[in-house]
Amino acid sequence: MHLHFPSPLRLALRYPSLIYAVLIACTLPSLAVAAAVEESTDVALSSEARSKQLAAPYTLQPEKLRETSRPVQKSKLFRLLAIGSAQARIVNIEGEVVRSSAPRASIQTLEISPDERWFLVKVGNSGYSIVSARSLMDMAKPPMHPEAPEDANNISWKIFDNNHLIGQADLPSLDTEGLTAAEVESLPPRDTLIYLYTISSNTMTPIQVDDTLSRPFHITGVTDGQVELLHYVTSEIFGARIVPVPAQ
């Protein structure tokens, strides 16, 4: 007895839906595997990019302070009213309140990005928030504290450019024996730590401080990429700039 099997072409002509189902059944697992591989690759690339960025070597180097800085342009889109009070609030150009202080969480500072697409807000002890100027929703929250050293204080952030914040954390003085709390508070820090926060990737990178920069210092502002610093003890004002460390 000879068994006769119809050819695939005849099956396709007589039962097209059957062939279509078989093709779907064979294809879906392959697509699922491909999607899983693609997703894992994306995750791996994101992790690799994040690691590279976290390890990106930058240094804060001295730069001659420009005698005439570009005047700071105040944004007309938003204003902070009643600064330092429980009634502190941010209003838009029409005078409408877009963000109010919460109980025991007064809005302390407001900075607008150069492109005016977002603003940086500091709220009490809750830290900083990056807020979209269009949706008025929080886009990101930069870290409040360095991972190390443990005795570093909270990071103070300022806008560096349209995609970065520059921050500093101070290391308190260790020479406090026999001093009152008020005297300890008035002591200058023993050192200054500098960080760069990238908004688009939500990453924070420690910045090396050039040995020729006199420390401890305080960041007073940023103008066209130049960082303006104030020495804690001498009150000297000097300039610096963040530059990549040359590859070895």
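No side-chain donor-acceptor contact under 3.5 Å links Thr234 to the backbone of His231. Without hydrogens or angle criteria, Arg66 side chain to Thr223 main chain gives a donor-acceptor distance under 3.5 Å. With hydrogens and angles ignored, the 3.5 Å screen pairs no side-chain donor or acceptor of Arg89 with any backbone N or O of Arg99. Checking side-chain atoms of Trp118 against main-chain N and O of Asn162 turns up a donor-acceptor pair under 3.5 Å.
Atom CD of Gln168 sits about 5.5 Å away from atom CD1 of Ile194, to the nearest 0.5 Å. In this structure, OG in Ser126 is found 9.5 Å from CD in Gln108, a value given to the nearest 0.5 Å. Note: Ser100 OG to Ile107 CD1 = 6.5 Å, rounded to the nearest 0.5 Å. The line from CD of Gln61 to CG of Asp211 is 11.0 Å long, rounded to the nearest 0.5 Å. Rounded to the nearest 0.5 Å, atoms NE2 (His145) and CD (Glu150) are 8.5 Å apart. Residue Met137 holds its CE atom at 9.5 Å from OG of Ser132, rounded to the nearest 0.5 Å.
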Practice task
Begin from the C-alpha positions of Leu80 and Phe119 and carry the test side-chain contact (heavy atoms from CB on, under 4.5 Å) through to its verdict.
Solution key: CA-CA 11 Å; Leu80 176 58; Phe119 53 87; over 6 Å; no
Practice task
Any chance you could lay out the side-chain contact (heavy atoms from CB on, under 4.5 Å) test for Leu213 and Thr192, step after step, and finish with the verdict?
Solution key: CA-CA 11 Å; Leu213 281 173; Thr192 305; over 6 Å; no
Exercise for the section: Run the numbers on Arg241 and Gln226 for side-chain contact (heavy atoms from CB on, under 4.5 Å), then give the verdict. Expected result: CA-CA 5 Å; Arg241 184 173 292 273; Gln226 184 178 70; 3.8 Å; yes
Practice task
Show your reasoning for whether side-chain contact (heavy atoms from CB on, under 4.5 Å) applies to Ile130 and Leu165.
Solution key: CA-CA 10 Å; Ile130 298 170; Leu165 306 178; 3.9 Å; yes
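Classification of the Phe217-Phe238 ring pair by plane angle, with boundaries at 30° and 60°, yields perpendicular.
Ser129 and Lys141 make their closest contact through OG-NZ, 2.9 Å (heavy atoms, listed as atom of the first residue, atom of the second, distance). For the residue pair Pro188 and Ser173, the shortest heavy atom distance occurs at O-CB, 3.6 Å. For the residue pair Glu116 and Ala133, the shortest heavy atom distance occurs at O-CB, 3.5 Å.
Within the 4.5 Å cutoff, the side chain of Ile219 has no heavy atoms near those of the Ser156 side chain. Contact annotation: the side chain of Leu60 approaches that of Leu229 to within less than 4.5 Å [non-hydrogen atoms, C-beta and beyond]. Considering only heavy atoms from C-beta on, Asn202 comes within 4.5 Å of Tyr197 through its side chain. No side-chain heavy atom of Val123 sits under 4.5 Å from any side-chain heavy atom of Ser101. Taking 4.5 Å as the limit, every side-chain heavy atom of His164 sits out of range of all side-chain heavy atoms of Ile242. For the pair Leu136 and Phe78, the minimum side-chain heavy-atom distance is below 4.5 Å. Contact check for Asp170 versus Leu193: no side-chain heavy atoms found under the 4.5 Å cut-off.
Cluster membership check: Tyr195 does not share its hydrophobic cluster with Met144, using side-chain heavy-atom separations under 4.5 Å among Ile, Leu, Val, Met, Phe, Trp and Tyr. One hydrophobic cluster, built from ILVMFWY side chains closer than 4.5 Å, holds both Val131 and Val98. At a threshold of 4.5 Å between side-chain heavy atoms, the hydrophobic network of Ile, Leu, Val, Met, Phe, Trp and Tyr places Val243 and Ile207 in two separate groups. A chain of hydrophobic side-chain contacts below 4.5 Å, direct or via other Ile, Leu, Val, Met, Phe, Trp or Tyr residues, connects Leu120 to Met204. If you chain together hydrophobic residues whose side chains sit under 4.5 Å apart, Leu81 and Leu77 never meet in one group.
Heavy atoms from other residues, nucleotides or ligands lying under 6.0 Å from CZ of Arg117 number 12 at most. The environment of CG in Asp151 is crowded: more than 12 heavy-atom neighbours from other residues, nucleotides or ligands sit within 6.0 Å.
For the side chain to side chain contact (heavy atoms under 4.5 Å, CB included) with Trp157, the lone residue among Ile155, Ile159, Asn154 that qualifies is Ile155.
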